[in-house]
Each structure stands twice: as structure tokens, then as C-alpha cells.
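Each remark here refers to the structure printed beneath this line.
Because the structure is a prediction, the values reported are computed rather than measured.
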Amino acid sequence: MFPQLSTIDAGVYLHVPFCRSRCSYCDFATGMYESGPAERYVQALAKEIAAFPIAPKEKVDTIYFGGGTPSLLSPAQIQTILNAVTARFHVAANAELTMELNPGELRMEVLHDFRRVGINRASFGAQTFADHELKQLGRTHTAEDIRTTFEHLRAAGFDNISFDLIAGLPGQELDGWLSNLDQALALRPEHLSLYLLEVHEATPLADQIKRGMRPQPDEDMAAEMYRVMVEKVCAAGYDHYEISNFCLPGFESRHNAKYWMGAPYYGFGCSAHSFDGYSRRWANERDTAKYVDLMDQQESPIVELNELNESDRRSESVFLGLRMLKGISLKDYRDRFGIDLRTDHTNEIERLSEAGLIELENDVLRLTATGALLSNEVFAALG
């Protein structure tokens with residue numbers, strides 16, 4: 001149930017920073033797609049992977065194309081990147097290969113081609129089934145595009161599909177959110193990522209709210225949306241395995257689980273982040289053009305390097321591990337750090353338990369349903 005870090009293979013994350021348009025809530029490192037810059041970027045990405053210095057032929061069992069919209073690249077470009085990964089790493093035969101895509105943008109034959117080059121898991125941003133909300137978010141697809149894309153993915157042989165929905169959009173009512181959930185569950189994807197809206201500074205949405213063009217998100221309404229979301233999705237047979245993630249049995253996101261379990265993952269591309277599975281984290285240049293220039297000049301794209309001390313490692317293992325609803329094994333924590341978590345946080349654990357935010361049972365510490373909603377408060381207390 002709680003695998004030791006030494007038994008967990010690494011994951012590879014590949015950032016593709018191109019989009020057709022920019023969503024109003026997005027603060028990721030993205031820009032508009034053009035074929036020439038995209039091809040130069042693919043070549044730069046392949047160079048970075050080839051020059052990666054850690055553990056030649058290290059085993060990886062997940063590869064994740066994120067962005068941006070990775071599916072804007074051609075199947076041949078995806079193949080070029082995958083060739084670079086397999087030349088540098090030992091990719092497990094049963095590896096999970098995920099690609100993010102947008103609804104309504106891909107022809108059936110292209111989906112077949114992505115499947116043929118090895119992509120076996122598709123993740124796309126539905127966000128909402130309400131067309132007026134999609135327009136407000138700056139999305140270019142419609143609710144019908146979501147359903148059509150899902151059908152096309154199935155027809156192309158994808159039997160592991162995930163999509164995202166956002167709760168708590170400005171002006172969104174509970175009935176509208178319930179309708180979103182009903183329509184999602186009717187499609188029955190293997191995985192659902194269901195997020196509460198976060199308004200990031202310097203995004204168009206933040207500016208619209210500040211100027212009164214959109215209403216302020218209602219925190220009480222968002223909390224009720226989260227409660228009914230958990231109830232409805234679990235009743236439909238999905239496992240609530242992480243704060244914002246649900247899956248049919250056996251379809252957890254194996255790649256994203258590495259982030260929460262403290263496993264090693266290696267990010268390539270502009271703004272990509274990496275972790276060696278022990279104490280070192282690093283991040284790449286965020287600007288796409290600067291990243292490509294660095295790779296052309298055979299220079300390192302790393303612009304940030306952090307060495308975690310013992311206190312940092314203990315803190316990360318708690319707030320990342322608690323994101324998983326199965327909780328943290330206190331025995332594993334003792335074996336790893338040589339200290340009892342209850343001794344380290346006696347007062348905090350007692351206070352959070354009394355508040356009904358965490359529970360301790362059979363040497364496992366986990367969030368309660370209320371604690372999952374108020375997880376930031378829990379993480380701050382145990383940090």
C-alpha cells in the first residue's frame with residue numbers, strides 16, 4: 001500500500017508550451033502556436049533529453065506530455081521526442097504515456113497516429129459543459145466538442161481517458177455544477193480531475209474580477225460544490241484517491257502520483273521542474289525563446305536549483321503525502337526519517353484531529369472529507 005521510494009521508477013515530464021489561444025485563468029508558460037518555432041522547440045527538447053546527466057538508462061514507467069497543448073505537435077514530432085526519451089532512459093514495457101489535448105481540435109486519423117506512436121492515455125481540459133462559461137474562460141471548444149472528442153478517442157483505441165472540470169467559476173450555480181458532473185459521469189471516463197477555481201494574479205480572469213467584469217468567486221458555494229462532487233462521483237463508482245482526482249479502480253494517474261509520493265521525476269522543456277527523489281529540485285528557463293537559445297548554445301537550461309534539508313524533506317513528505325486520500329504510513333515515515341511524526345507534531349495533530357480535519361487509524365494519518373476541502377490549513381499547520 002505504501003511503496004518504498006527505492007522501488008518507485010522515475011517519471012518523465014515533457015512541456016510543450018504552445019496553444020491556439022490563451023485561457024483567461026491560465027498562468028502556465030505558454031504562447032501561440034507557429035509551426036516554425038514549434039519545430040525548433042522539438043529539436044531543442046530532444047537535445048536537452050540527450051544531454052541529461054543523471055543515471056544513464058535509468059528506468060522510467062511514466063511519460064507525460066503537458067502544456068500548453070502538446071497535441072498541436074504532429075505525430076512525427078511526438079515520435080522524435082519519444083525517440084530521444086527511449087535513447088536516454090529505459091522505458092518500461094507497460095509505461096503510461098499521457099498526452100494533454102484540447103477538445104474539438106484533432107481529426108480521427110491524427111488520434112490514431114498518436115496511439116500508434118505509443119500514447120496510451122489521453123487527458124483533456126473539458127472545464128465545463130456550459131457553452132457560455134467556456135466562452136468566458138476563453139476556451140475555443142464547445143460542450144458538443146467534448147462529447148465528440150471523447151467518442152473519437154474511444155474509436156481510436158484509447159481505453160484510458162481523463163478530463164478536467166473546474167468548479168466555482170464566477171457566477172456558476174450549484175445546479176450548473178451538478179449538470180457538469182452528470183454529463184461527465186454519463187461519458188464515464190476512466191479518470192476525472194475536478195478542481196476548485198484558483199484565480200492567479202496577472203491572469204486575464206484576475207483582471208476581469210478586479211475590474212468588476214466578473215463576480216468574485218463564492219467560497220461557500222465552492223465548498224458546497226466540492227462536497228456534492230465527492231458524494232456524487234464516489235456514488236458512481238469512482239475512487240477518490242487524491243484531493244482533486246477520481247478514477248475507476250486501477251486507473252489512477254501513475255505519473256501524477258509520483259509527485260505526491262516523492263518519487264523522482266525529470267522535466268524537460270521550458271519551465272519544466274524536476275526532483276531527484278531525495279533532496280534536489282530544479283527548474284528550467286521559463287521563456288520559450290531563451291530556452292531554445294540555451295539548447296542551441298549547448299548551455300544548461302536550469303535557472304533554479306534547490307537543495308532540501310532534512311526539515312524540508314520531512315515537511316514535503318507530509319503535505320504531498322496527505323494529498324493522497326489513503327494517507328501517510330507513520331511506520332514508513334519513521335523508517336525514512338528516524339522520527340515519529342506524532343512526536344514531531346504532537347500539538348498540531350491533536351488540534352487538527354479535534355477540528356475533524358485529520359484522522360489517525362492503524363498507524364495511518366489521513367485527511368477527513370472536511371480536511372480535504374481545507375487541506376491548505378492542514379498543510380500549513382504540519383509544514
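Pairs of residues two or more places apart, or lying in two chains, never qualify as side chain to side chain donor-acceptor pair (under 3.5 Å) while including a residue from residues 373-383. Residue pairs that meet the side chain to side chain donor-acceptor pair (under 3.5 Å) test with at least one member in residues 237-252, sequence neighbours left out, are H191-Y241, S193-N245, E242-N245, E242-R323. Each salt bridge (charged side-chain N to carboxylate O under 4.0 Å, His left out) pair with one or both residues in residues 47-56, not counting sequence neighbours, appears once here: K47-D296. The salt bridge (charged side-chain N to carboxylate O under 4.0 Å, His left out) analysis of residues 115-131, with sequence neighbours excluded, yields the pairs D113-R116. A ring-ring contact (aromatic ring centres under 6.0 Å, His included) check over residues 309-367, counting only residues at least two apart or in different chains, returns the pairs Y333-F337. Under the ring-ring contact (aromatic ring centres under 6.0 Å, His included) criterion, the residue pairs touching residues 124-143 are F124-F163, with sequence neighbours excluded.
Residues satisfying the ring-ring contact (aromatic ring centres under 6.0 Å, His included) criterion with Y195, sequence neighbours excluded, are absent altogether. Looking at residues two or more places apart in sequence or on another chain, you find a salt bridge (charged side-chain N to carboxylate O under 4.0 Å, His left out) between E144 and R147. Listed by chain and residue number, nothing satisfies the side chain to side chain donor-acceptor pair (under 3.5 Å) test with E350 (two or more places apart in sequence, or in another chain).
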Distance-only donor-acceptor hits, side chain of residues 255-264, under 3.5 Å, sequence neighbours excluded:
{"residue": "H255", "atom": "ND1", "partner": "T62", "partner atom": "OG1", "Å": "2.8"}
{"residue": "H255", "atom": "NE2", "partner": "Y259", "partner atom": "OH", "Å": "2.7"}
{"residue": "N256", "atom": "ND2", "partner": "S253", "partner atom": "OG", "Å": "3.4"}
{"residue": "K258", "atom": "NZ", "partner": "D9", "partner atom": "O", "Å": "2.7"}
{"residue": "K258", "atom": "NZ", "partner": "D61", "partner atom": "OD1", "Å": "2.8"}

Check: residues 224-237 side-chain donor-acceptor pairs under 3.5 Å, at least two apart:
{"residue": "E224", "atom": "OE1", "partner": "R227", "partner atom": "NE", "Å": "3.1"}
{"residue": "E224", "atom": "OE2", "partner": "R227", "partner atom": "NE", "Å": "3.4"}
{"residue": "E224", "atom": "OE2", "partner": "R227", "partner atom": "NH2", "Å": "2.7"}
{"residue": "Y226", "atom": "OH", "partner": "I243", "partner atom": "O", "Å": "2.8"}
{"residue": "R227", "atom": "NH1", "partner": "E231", "partner atom": "OE1", "Å": "3.4"}
{"residue": "K232", "atom": "NZ", "partner": "D182", "partner atom": "OD1", "Å": "3.0"}

Please tabulate, for side-chain N and O atoms in residues 49-58, each donor-acceptor pair with protein atoms closer than 3.5 Å (sequence neighbours left out).
{"residue": "K57", "atom": "NZ", "partner": "T86", "partner atom": "O", "Å": "2.8"}
{"residue": "E58", "atom": "OE1", "partner": "Y266", "partner atom": "OH", "Å": "3.0"}
{"residue": "E58", "atom": "OE2", "partner": "Y266", "partner atom": "OH", "Å": "3.3"}

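Taking CD of E348 as the reference point, atom CD1 of I358 lies at 9.5 Å (rounded to 0.5 Å).
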